[in-house]
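Below is one structure, written out as structure tokens; comments come after it.
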Amino acid sequence: MLEKTYDPAAVEGRIFEKWLDEGAFAAGAGAKPGAEPFTIVIPPPNVTGSLHIGHALNNTIQDILVRYNRMLGKDVLWQPGMDHAGIATQMIVERQLMERQEPGRRDMGREKFVEKVWQWRHESGGTIMNQLKRLGASADYGRERFTMGENGAADDQMVRAVTTVFIELYKRGLIYRAKRLVNWHPGLETAISDLEVENIEVNGHMWHLRYPLADGVTYDYPIAFDVDGNPTEYETRNYLVVATTRPETMLGDTGVAVHPEDPRYQGLIGKSVMLPLVGRRIPIVGDEYADPELGSGAVKITPAHDFNDFEVGVRNALEQINIFTTSGAINDNAPEIYRGLDRFEARKRILDDLEVQGVLDHVEDKKIMVPHDEKSKQVVIEPFLTDQWWVKAEVLAEPAKASVREGRTRFVPQQYENTYFAWMDNIKPWCISRQLWWGHRIPAWYGPDGEVFVAASEEEAAKAAEDHYGRAIELRRDEDVLDTWFSSALWPFSTLGWPDETAELKRYYPTSVLVTGFDIIFFWVARMMMMGLEFQETEPFHTVYMHALVRDEKGQKMSKTKGNVIDPLQLIDEYGADATRFTLAAMAAQGRDIRLAISRVEGYRNFVTKIWNAARFLEMNECHRLEGYNPSGNQLPLNRWIVGATARAATEVTSGIEQYRFNEAASSAYDFVWGTFCDWFVEFAKPIFSGEDQEAKAETRATAAFVLDQILKLLHPFMPFVTEELWAETGKIGPSRESALVLAEWPKLEGLEDEAADNELNWLMELISSVRSVRTEMRVPAGAKLKLVAVGASSLTETRLASHEALIARLARLESITIDSQVPTSSAQFVVGEATWALPLSGVIDIGVERARLEKEVGKLEKDIAAIDKKLDNPQFVSKAPEEVIEEQKARRDTAIERRAKITAAVARLGA
RNA sequence: GGGAGUAUAGCUCAGCGGGAGAGCAUUCGCUUCACACGCGAAGGGUCACUGGUUCAAUCCCAGUUACUCCCA
């Protein structure tokens, strides 16, 4: 006997262990012979991460797809794993060393430090994998991969994959080394990706500075204008005003740009200014980058510290002078008094000095966008000129764009293709080197003259160097590591064994679908597409499903600082994994963010309990599965109806999942299970179970057990735990189960619909609902049993009444049901089908209330009829609308008129 | 500045050209032999606004307003 309520906490762990023990998640488990493969690679979570609500949604959707396809009998692989998160992991271990007051990274040296990080990875990294298990994710954990491999050794397959790709791309001229501006993190002292930079609007200033013209040059600057904007008055100036939001960078200025068409400054192009504080003579150049409308129209150019200035510098052959150290202090390229000052301290000092020297013209307040480190949002990112390794993403992007344009990879929802193209069309060279110790070390060695040798090992590099120099020579390995995403981009094939030609690679690549959030479309999709096409010649996935962002109830992004984070593990603890998953699935409408409300989770927890109790009820009534039960062989309309309804539900759930409309699949299942099976079928079955008709009882029991089986299957992808538990419980009696539910066959129900049975049961439900409704409106005490009189009943209705009398009496709380030609006096009346039904309520009925109730309905019918008449009276409608629409309108009109007549008669019968 | 999205019941959201829906909340009733995490019933909407297309618009198109996100 099942417990009264389902206790997820007591069941989930045990069920999960069982699945693992049975190898239910292993690649190919339960696959039919000759089955086609279905593959999903997990978007690798970060080894330092823990499960947040976005992961919960992402993995719930993957698991729904995986479990569904597994039940279809496909050869399913869900490949799990994590990435090594270069920066985050290194930071965690460094912080840990500090807390333990152990020697820091630089004190212990690279080798020892990396060892420490590995130790951390094995001891405390990857908690998220266990958290995914709590969610019920059915990935093939035996195949878990890590972007750094088992230990990072050169011969580890995951490391070889990265090395091979690097060397190949280098050979193909798609990787190169160059000195360019990068986004520099002065705290971590490494380059970071543009995608790790967040531009934040802050209150800043625009400082206008007077740069004195060299060689005694002067010019006339307009200071007054007529109505047409033509200058009427000039003053003679021996300086040029430039505007800047970052005055400290002036130490690195190597030019001033004005627009070549700007009449104010045209004559100054080719002349020079003397840079204040520094005393450097720098040229005035004409460049369209200078916007005459912005600021003074003249702009200082600091090629080494601004992305736009860098371009201007290249165009005009300006010098690049770096004035910062790697930690963001002023370096030796600046005048001595500023050296060693932090960049913010330097700004203050420089402003003071400029003011003293009369260089500061004026200051205005301005909202400015400042690049910040997107994780901490505290550190200001610095454009910084360094030697880095780059991938020609603009070349790799071409085939990746073609794949989507030509439909070999499609996005669901499709509108995300725009985002993809927008980014791909403007893709910039990808900086792949990072000044870290944790990561794939770049396989490049340098000779004493700076000659580069890219090779798979030190031996190979040494050999190449010997060939080059004609003698053995000492090489120095590149200190840097690769961007974590460089290795993640290989994930769809590196996890399958590449560069070795494994059976898995052959079988499971390309994968089927990538499930991810739109916020990381560039990280994942674009890079995996580029690498997949370059190294496997095939797109890594045919479908990219982009799911929504989970927000809080008010629509705000969840964040720790706002304190509005909903922890999925807490939800699982409180409501169970099934309710948590079902909520996320039910709210995952395409192209729309999810505003997660706890009340929804609670509601779906109730749904889990409801299913549990329905199963419990069946168990109590000996509804056991029957060997050889044939759902199309049912005799009773009730049973013929419910199996048909089950088939409809199965079709809806199936098509919902197939179309990535998870909310539709979930709500179809919910409506069927609660609204049809529990609310009606089970209620209808009760009198049969307690009745004497043994044949009807046997058929209904078997049908109930059959339908419950289908329900468990249909819900399994959404609620794996409770369904598996019930599958086991209901498997204890009757024919033995062929497998656990996780490997059971997805429902294939065809030819079970029966229109006659549907009509009969729909009539029955309408009749019962009508009685209940009238009872409530007439304020009949719930306990009171009424008489029901049918007037004007057809023979079909009489037959139906006869066969369902006990049932109707029970569910509508009736004392008797009779057929008469007259409506008894003092009756409440209603119409179902062709008949008028009366509930004699003498002494109870308030004629006024009853009249009002009926007249309200007449009024509603009048309105409906008028609306339909308006359509039918319109010749345009009759001539242009499709035939079936016209027929439908006519039919609706007829039934409404008929009904109106009956209710009007009922009103008349109430008398005066 | 460029791009995308969203406005439907008190709240959170479905609704894919012909009769406005769900869950939660609200109100009323219920020791109905699975379930109060329940049962039954009810109230509640100018489908943001203005035009257009169409025989017909919550739905398609254009514009307006408000909000959200992405990119600069």
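Here is the naming used below: chain letters follow the sequence lines, and residue numbers restart at 1 for every chain.
Across all strands, A:A614 comes closer than 4.0 Å to base atoms (heavy-atom distances). A:K428 comes within 4.0 angstrom of no nucleic acid atom, judged by non-hydrogen atoms across all strands. Among the heavy atoms of the strands lying under 4.0 Å from A:R772 are primed sugar atoms or P, OP1, OP2 only; no base atom is included. At a threshold of 4.0 angstrom between heavy atoms, the contacts of A:P875 with the nucleic acid are absent. At the heavy-atom level, A:V682 lies under 4.0 Å from base atoms of the strands shown.
The aromatic rings of A:W485 and A:W524 sit perpendicular, their planes meeting at an angle over 60°, well past the 30° parallel limit. Taking the six-membered ring for Trp and thresholds of 30 and 60 degrees, A:W680 and A:F684 have ring planes inclined between 30 and 60 degrees apart. Taking the six-membered ring where tryptophan is involved, the planes of A:F677 and A:F681 are essentially parallel, since the angle between them stays under 30° and well short of 60°. The aromatic rings of A:F830 and A:W837 sit parallel to each other, their planes meeting at less than 30°, with 60° as the upper class boundary.
Of all nucleotides present, only B:A66 satisfies the Watson-Crick or G-U wobble test against B:U6, with each distance under 3.5 Å. Figure legend. B:C28 is base-paired to B:G40; pairs are counted as Watson-Crick or G-U wobble with both atom distances under 3.5 Å. Base pairing analysis places B:G45 opposite nothing; no Watson-Crick or G-U wobble pair with both distances below 3.5 Å involves it. Across all strands shown, B:G23 pairs with B:C11; the Watson-Crick or G-U wobble distances both stay below 3.5 Å. Nucleotide B:U58: unpaired (no Watson-Crick or G-U wobble partner with both distances less than 3.5 Å). Pairing for B:G1 goes to B:C71, judged as Watson-Crick or G-U wobble with the two contacts each under 3.5 Å. Applying the Watson-Crick and G-U wobble criteria (two distances, each under 3.5 Å), B:C16 pairs with nothing in any strand.
Rounded to whole Å, the distance from CG on A:L584 to C1' on B:A14 is 17 Å. Rounded to an integer number of Å, the gap from A:Y660 OH to B:C16 P is 22 Å. One can place NZ of A:K610 at 12 Å from P of B:G23, the figure rounded to the nearest angstrom. Straight-line distance from the CZ atom of A:F617 to the P atom of B:C33: 11 Å, rounded to whole Å. Atom-to-atom, CG of A:N199 to C1' of B:G2 comes out at 15 Å; the value is rounded to the nearest Å. At whole-Å resolution of the value, CE in A:M620 and P in B:C35 are 7 Å apart. Look at CD on A:E574: it is 14 Å from P on B:C37, rounded to the nearest Å. For A:N874 and B:A56, the CG to P distance is 7 Å, given to the nearest whole Å.
Between A:S773 and the phosphate of B:A42, there is a side-chain N or O to OP1/OP2 separation shorter than 4.0 Å. A sub-4.0 Å separation between OP1 or OP2 of B:A4 and a side-chain N or O of A:W423 is absent. For B:G38, one of the phosphate oxygens OP1 or OP2 lies less than 4.0 angstrom from a side-chain nitrogen or oxygen of A:N606. Between A:R600 and the phosphate of B:C24, there is no side-chain N or O to OP1/OP2 separation shorter than 4.0 Å. Under 4.0 angstrom from either OP1 or OP2 of B:A34 there lies at least one side-chain N or O belonging to A:K686. Within the structure, a side-chain polar atom (N or O) of A:K4 is placed less than 4.0 Å from OP1 or OP2 of B:A36.
For the pair A:K686 and A:F617, the cation-pi criterion (under 6.0 Å, within 45° of the ring axis) is fulfilled.
Comparing B:G38 with B:G19, their P atoms sit 34 Å apart, to the nearest whole Å. Between B:G40 and B:A34, the distance separating the two P atoms is 14 Å to the nearest Å.
Evaluation of atom-type donor-acceptor distances gives a pair under 3.5 Å for the side chain of A:E664 against the base of B:C16.
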